[in-house]
Each structure stands twice: as structure tokens, then as C-alpha cells.
2 protein chains.
Amino acid sequence: MIRLSTKGRYGTRLMLNLARHYGNGNDAVILKHISEDERISIRYLEQIIIPLKINRLVKSIRGAGGGYTLARKPEDIKLSEILHALEGNCCLVECVEDDSFCDFIEICPTYDIWKGATELLKGYFDGLTLKDIVTMAEKKDKKNKAKAR
Amino acid sequence: MIRLSTKGRYGTRLMLNLARHYGNGNDAVILKHISEDERISIRYLEQIIIPLKINRLVKSIRGAGGGYTLARKPEDIKLSEILHALEGNCCLVECVEDDSFCDFIEICPTYDIWKGATELLKGYFDGLTLKDIVTMAEKKDKKNKAKAR
DNA sequence: ATAATTCCTATAAATTCATGTTGATATTCG
DNA sequence: CGAATATCAACATGAATTTATAGGAATTAT
Ligand code: FES
Ligand code: FES
């Protein structure tokens, strides 16, 4: 299966949650709230947020009243950065980014295929910022509400 | 990680191997040869070829002198078909093809993102036939040989 | 009959996914 | 100060999935 890991999926939702709460006075969001919102166990979120912190996509505030915030404005964080932080690399097969993974890159007839697909995906994720996604979600929400009326 | 499973990778190489041997008199290729060519264990190839057979992408000939051939001409087999046969579905996250996988598709802000990415990939794989890939590989090979001269 | 080859089922090994445990450290607030 | 709140860190554990190997039964050409 070509599949995005749960780390990538959950991490993206985590970041979107932070993006939605970004810059409304009471900044820091605690993992417990995100856990409840997104229905992901706190323990797992703790693991997932570590690489996001290391890659300076989120800032942590320790102690009582603490929590997490985005390190930058939502419009300055690209989805590709998030996925890259969470996955290390973001290629369909290792050899696309690690020459030593396969022995016969020079000969391999599929290498260029997987490479092409990987670049396609990268371009897509590169063109999306957290703000874009939040905006999309808000539009969707509006539509849903209009429907329900 | 966004990653193509080994099944998908090995299966594609298997099919390409069959494509290269397609229609040159002595048709059927035995797994042993493919195993040696591609350096994949016969046992694993046996498992991988089952869904390819079920989806009528390859034909098998049993017994001594038997082996496998493509069920259709290489130009009539799309990469997307191969991957679909091997993976069941070929989406970045399950919910894109299985509504019941996630509970909140209607609300989920990331659903449309993953769906968009999945469709991008599908389009890419849909536009490539085995023949295309073999042709690409031959060109690459020629180039390599020219270089080595 | 014999050898070659697919077919079928079981299972071992490795990795990913998700939760749990324990306790340390930093911060706010009364 | 002391209590409460949260992050931080290092493991441990078990379920699920993926990856890979193994043994032997069924089929066919010679
Ligand atoms: S799959 Fe990596 S070089 Fe072919
Ligand atoms: S990830 Fe499946 S609906 Fe959001």
C-alpha cells in the first residue's frame, strides 16, 4: 500500500489544531485538549510532537499554564515541512533520497518512476501552508452548515 | 513515511521482467529466473504473483516447462492496475477509498488534502503502461552504455 | 517415473502503532 | 514556600501489520 503513516496524519492534525488556535490571545494549547479534539492518545501525541519541536515548527512552554504553539505564522509553515519533520524523508521508496539503499539505481527501470511520483507529491505538499488548509476547512464547514439548514 | 510497500515495488519489477520477455517465441518465464534477475526470493515472488494472477494481469502455465506470461500486451497494462492489484487500494490514507475508515470525513480538515494527493498519484500511475516503462528503461540503458564508452 | 514448476498453507522475523509507567524539571498561583 | 500543572525523557509492553522463508502437495512435459 502507498500509505501515509499515522505519524504523518496525526502530526498534521496536531499542527492544524495549533494553527486554528494561533494568535487568539491565550496562545499555548495543551496536549490534553488536542488529544480530546482529535481523539488521539496523549502518549502518542507526546511522541509525535518531539520531531516537530526539534525541527522548530512548534515552541513549547513548560510548567503550569504552558503548552505548545506554532513557532511561526500558519502561512509560513508548509505541509511539506511538517511531513519532512515527521518522516525524516518523504519519498515513495528510500532509494529516491538515499543512493545506497538500492544497489542498482543506474540500471533499475523503476527508479525514475518512483522518483517522478515522489516529486509530484512533494510539489503538492510544498504548495500548501497550514493557513491554506485551515481556510479550506473553514469553507468546508460553512458548506456543511448551509446544507444542514 | 509515505512509502510504497515492497509488494508494490517487487511486483512492478516482476511485471516489467515479464514485459521484457513478452512475445519473443519462448514465452513463459519461470519465477526462478525472475528471482535471479531481480534478486528477490522465489518464495516471496510466489506470494506476490498471486494477486496479479487473480486480477488477470498474468497467466500461469503449470508443470514442467511452465511459468508465467503477461495476460495482455505490455502497452495494455497500466501501472495503476498493477499497484491496485497488489495493494487492494492505492490511497494515501484508507478513508479516501473507504468511507467507514475515519469517523469524521465530513469535518476532517485533512481529508481533502490526502484525497487530492491520492488523485495526483493515481493520475500519474494511470498514464504509464508497462511498455512506456520498458521503453524508458531501454533509453536509460543506452545512455549508460554511451557514457561507459 | 522423473524432474520441473506452480500452488497452498504455515510460520518466523521485523517493523509499526499505540498505550502505559515512572519520574524529573519548569512554571504559575495562592 | 508548597501545591498544582505541564512538558520532558526513557523505557516497557502488546497488538497489528509487513516482510520473508519454509515444506510439501498438485500438475505437467519429457
Ligand atoms: S527501487 Fe530503488 S533503485 Fe530500483
Ligand atoms: S484522515 Fe480520514 S477523514 Fe481525516
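Throughout, protein chains are lettered first and strands after them, A, B, ... in sequence-line order, and every chain is numbered starting at 1.
Here the closest non-hydrogen pair linking B:Pro74 and B:Thr129 is O-CB, 3.7 Å.
Within the structure, a side-chain polar atom (N or O) of A:Tyr10 is placed less than 4.0 Å from OP1 or OP2 of C:dA18. Put simply, B:Ser41 has a side-chain N or O that comes within less than 4.0 Å of OP1 or OP2 on D:dT21. For A:Thr6, a side-chain nitrogen or oxygen approaches OP1 or OP2 of C:dA18 to under 4.0 Å. For the pair B:Ser60 and C:dT5, the criterion of a side-chain N or O lying under 4.0 Å from OP1 or OP2 is not met. A sub-4.0 Å separation between OP1 or OP2 of D:dC8 and a side-chain N or O of A:Tyr68 is present.
At whole-Å resolution of the value, CD1 in B:Ile48 and C1' in C:dC8 are 16 Å apart. Remark: C1' of C:dC8 and CD1 of B:Ile49 are 15 Å apart, rounded to the nearest angstrom. In this structure, A:Ile50 places its CD1 atom 7 Å from C1' of D:dA9, rounding to the nearest Å. If you take CZ of B:Arg39 and P of D:dA20, they are 16 Å apart, rounded to a whole angstrom. One interatomic measurement links the two molecules: CD of A:Glu38 to P of C:dA18, which rounds to 14 Å at whole-angstrom precision. One can place CD1 of B:Ile40 at 12 Å from P of D:dT19, the figure rounded to the nearest angstrom. For B:Gln47 and D:dT19, the CD to P distance is 11 Å, given to the nearest whole Å. Counting to the nearest Å, the C1' atom of D:dC8 and the NZ atom of A:Lys59 are 18 Å from each other.
Backbone-only contact: A:Lys53 has heavy atoms under 4.0 Å from sugar-phosphate atoms and none from a base. Note on A:Leu31: only backbone sugar-phosphate atoms sit closer than 4.0 angstrom, heavy atoms only; bases stay farther off. Among the protein residues, B:Ile61 comes within range of the sugar-phosphate backbone only, with heavy atoms under 4.0 Å from sugar or phosphate atoms but none that close to a base.
Residues B:Lys78 and B:Glu81 are not paired through a salt bridge, judged by the lack of any N-O separation under 4.0 Å between the basic side chain and the carboxylate. Salt bridge absent: B:Lys122 and B:Glu119 never bring a charged side-chain N and a carboxylate O closer than 4.0 Å. Ion pairing between A:Glu38 and A:Arg20 holds under the 4.0 Å rule for side-chain N and carboxylate O.
Distances from the side chain of B:Tyr44 to the nucleotides D:dA20, C:dA18, C:dT27 place D:dA20 closest.
Checking A:Arg43 against B:Arg62, the closest nucleotide of DNA chain C that is more toward the 5' end is the one next to B:Arg62.
For the pair A:Lys140 (side chain) and B:Cys108 (backbone), a donor-acceptor distance under 3.5 Å is present.
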